[in-house]
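Below: the structure, in C-alpha cells.
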Amino acid sequence: MPDTDDDGSGERRRRGKRGSRDDISAQLRSRRADLERQVRATRAQIDEANTRMEARAGRNLVLATLIGLGLGLSMLFSLIVVKELFVLFGAAIVAFTIFELAHAFRRAGRAIDVWPALIGGVAIVVSGYFFDPASRWAMLVGVIVFIIAWRLVAQMAHPAPRRVLDVVRDLAAAIFVQVYVSFLGSFAVILVRQPEGQWWTLAFLIIVIAVDIGAYVSGLNFGKHPMAPLISPKKTWEGLAGAAVAAVLAGILLSIFMLHSPWWVGLLFGLALLGSATMGDLTESLIKRDLGIKDMSSWLPGHGGFLDRLDSILPSAPVAFALYLLFSGAPIAG
C-alpha cells in the first residue's frame with residue numbers, strides 16, 4: 001500500500017521549490033523593471049539637461065564638443081607627426097569650406113562655378129607649402145584669371161544671358177571666395193613650412209580657440225551689452241572681455257613653454273589674435289546676415305559649417321605668420 005505521507009511531503013517539497021523559483025523570477029522581474037525605470041528617468045534627466053543647455057547655448061554642446069575634439073585631434077596629429085599631412089588636412093578643410101560658401105552664394109542668386117573654385121583653392125593652399133611664398137601671389141592671380149575665364153565662357157554658352165551687373169557681381173563673389181578662404185588659409189600652410197613653424201601654427205590655433213571659448217563662456221554667463229547688434233546680436237562686450245583674458249593667458253603660457261620666447265611676445269601674440277579672431281567672427285556674421293542664413297551648412301552638427309569654425313582662424317593665419325617673422329628669428333624657408 002503506498003505511503004501517502006511520503007507522497008504528500010514530496011509534493012510539498014516540489015511545490016516549495018516551484019514557489020522559490022517563482023519568487024526568484026518575480027524578484028528578478030521587479031529588479032529589471034526598477035532598473036528600466038531608473039534608466040528611463042536618468043535618460044529623461046540627461047535629455048532635459050541637454051535641452052536646457054541647447055536652448056541657452058543655441059547648439060548641442062555634447063555633439064559640438066565631440067566633433068570639435070575629433071577635428072582637433074586630427075589636426076594635431078597631422079601638424080606634429082608629418083607636416084605634409086597637415087597640408088592635405090588643410091587643403092581638404094579649405095575645399096569643404098569653398099564648397100559650402102560657393103553654394104551659399106549660389107542660393108543667394110550668384111552664379112559661382114564650384115569645381116573651378118575647388119581646383120583653384122586647393123592649388124593656392126598646396127602652393128603655399130611646396131613653392132616659395134612669392135609664388136603664391138602668382139598662383140592667386142592665375143586662379144582668379146582661370147575662374148573669370150571659366151565664368152565668361154559659361155555665361156556665353158548659357159541660353160539665358162545674365163545682365164552685365166549680375167555677371168560682375170558673380171565674378172566679385174567668386175574672387176572673394178578665393179581671397180577670403182584659400183589665400184588667407186594658405187598662410188597657415190606657409191607657417192607650418194617654416195623652421196619650428198608647426199609650433200607657431202599650433203600656438204595660434206590654440207589662442208584662437210581660447211578666444212572663442214572665452215567669449216562664449218563669458219558672454220553666456222555675463223553678457224548684457226551687445227557689441228555689434230546689427231551684425232551679431234549675441235556678441236557682447238562681456239564676451240569680448242572674457243576672450244581677451246583667455247587670449248592673453250594662452251598667449252603668455254604658450255610663448256614661454258612652447259615657443260620659448262619672452263612673456264611679452266605672448267602678450268602681443270594674444271592681443272593681436274584677439275583682434276583678428278574677433279574681426280573674422282564679425283565678418284562671417286556679416287556675410288551670413290547679407291545672405292540671410294544662420295549657418296553656412298549643417299555638415300558639422302553643433303557647429304554649423306566649416307566656415308563657422310574657420311571664421312576666426314582665416315584672418316588670424318596671416319597675423320600669426322607676420323608675428324613669426326618678427327619674433328622667431330628664424331630664416332624664411334623657400
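Predicted model, so just to flag it, every value in this text is computed and none were measured. This chain uses plain numbering: 1 for the first residue, then up along the sequence.
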Can we call the ring centroids of Trp200 and Phe321 under 6.0 Å apart?
-> no
Side-chain contact test, heavy atoms from C-beta onward, threshold under 4.5 Å: evaluate it for [X] versus [Y] and give yes or no.
X	Y	answer
Val126	Val189	no
Phe269	Ile207	yes
Val87	Phe130	yes
Pro318	Leu184	yes
Leu205	Ile313	yes
Ser312	Asp212	yes
Ser261	Ser255	yes
Val141	Trp137	no

Once rounded to the nearest 0.5 Å, what's the spacing between atom [atom1] of [X] and atom [atom2] of [Y]?
X	Y	atom1	atom2	value
Ile206	Leu273	CD1	CG	11.5 Å
Asp281	Thr278	CG	OG1	7.0 Å
Ser285	Lys234	OG	NZ	10.5 Å
Asp290	Lys288	CG	NZ	13.0 Å
Lys83	Arg193	NZ	CZ	10.0 Å
Gln155	Asp113	CD	CG	10.0 Å

Does [X] share a hydrophobic cluster with [Y], counting links as ILVMFWY side-chain heavy atoms below 4.5 Å and allowing steps through other members?
X	Y	result
Leu152	Ile147	yes
Leu240	Leu282	yes
Leu171	Val168	no
Val192	Phe89	yes
Leu220	Phe222	no

Non-hydrogen atoms of [X] and [Y] that approach each other most closely:
X	Y	value
Val114	Ala102	CG2-CB, 4.3 Å
Thr236	Gly219	OG1-CA, 3.8 Å
Ala95	Leu118	O-CD2, 3.1 Å
Val319	Ala272	CG1-CB, 3.9 Å
Ser276	Ser316	OG-OG, 2.8 Å
Asp170	Ala111	OD1-N, 3.0 Å

Verdict with supporting geometry, Val94 and Val122, side chain to side chain contact (heavy atoms under 4.5 Å, CB included) = CA-CA 7 Å; Val94 165; Val122 171; 5.8 Å; no
When you check the side-chain N and O atoms of Ser127 and Arg136, is any donor under 3.5 Å from an acceptor?
-> no
Can any side-chain N or O of [X] pair as donor or acceptor with the backbone N or O of [Y] at less than 3.5 Å?
X	Y	value
Gln178	Leu140	no
Glu284	Gly280	no
Arg106	Ile112	yes
Ser186	Gly128	no
Arg289	Ile231	yes

So Leu259 and Val265, side chain to side chain contact (heavy atoms under 4.5 Å, CB included) or not? Walk me through it.
-> CA-CA 10 Å; Leu259 305 181; Val265 172; 5.7 Å; no
Using the side chain to side chain contact (heavy atoms under 4.5 Å, CB included) rule, take Ser182 and Ile98 through it: C-alpha gap first, then chi angles, then the decisive distance, then the call.
-> CA-CA 8 Å; Ser182 309; Ile98 289 174; 3.2 Å; yes
Going through the distances and angles, do Phe204 and Leu191 end up as a side chain to side chain contact (heavy atoms under 4.5 Å, CB included)?
-> CA-CA 10 Å; Phe204 107 75; Leu191 182 56; 4.2 Å; yes
Any pair counted as ring pair (Phe, Tyr, Trp, His ring centres under 6.0 Å), so long as it reaches residues 224-266, sequence neighbours left out = Trp264-Phe327
When the ring planes of Phe176 and Tyr180 are compared, do they come out parallel, tilted or perpendicular, using 30° and 60° as the limits?
-> parallel
Do Tyr129 and Glu84 pass the side chain to side chain donor-acceptor pair (under 3.5 Å) test, and can you show the C-alpha distance, the side-chain angles, and the key distance before you say yes or no?
-> CA-CA 8 Å; Tyr129 186 85; Glu84 285 75 9; 3.2 Å; yes
Can you tell me if CE on Met258 sees more than 12 non-hydrogen neighbours from other groups inside 6.0 Å?
-> yes
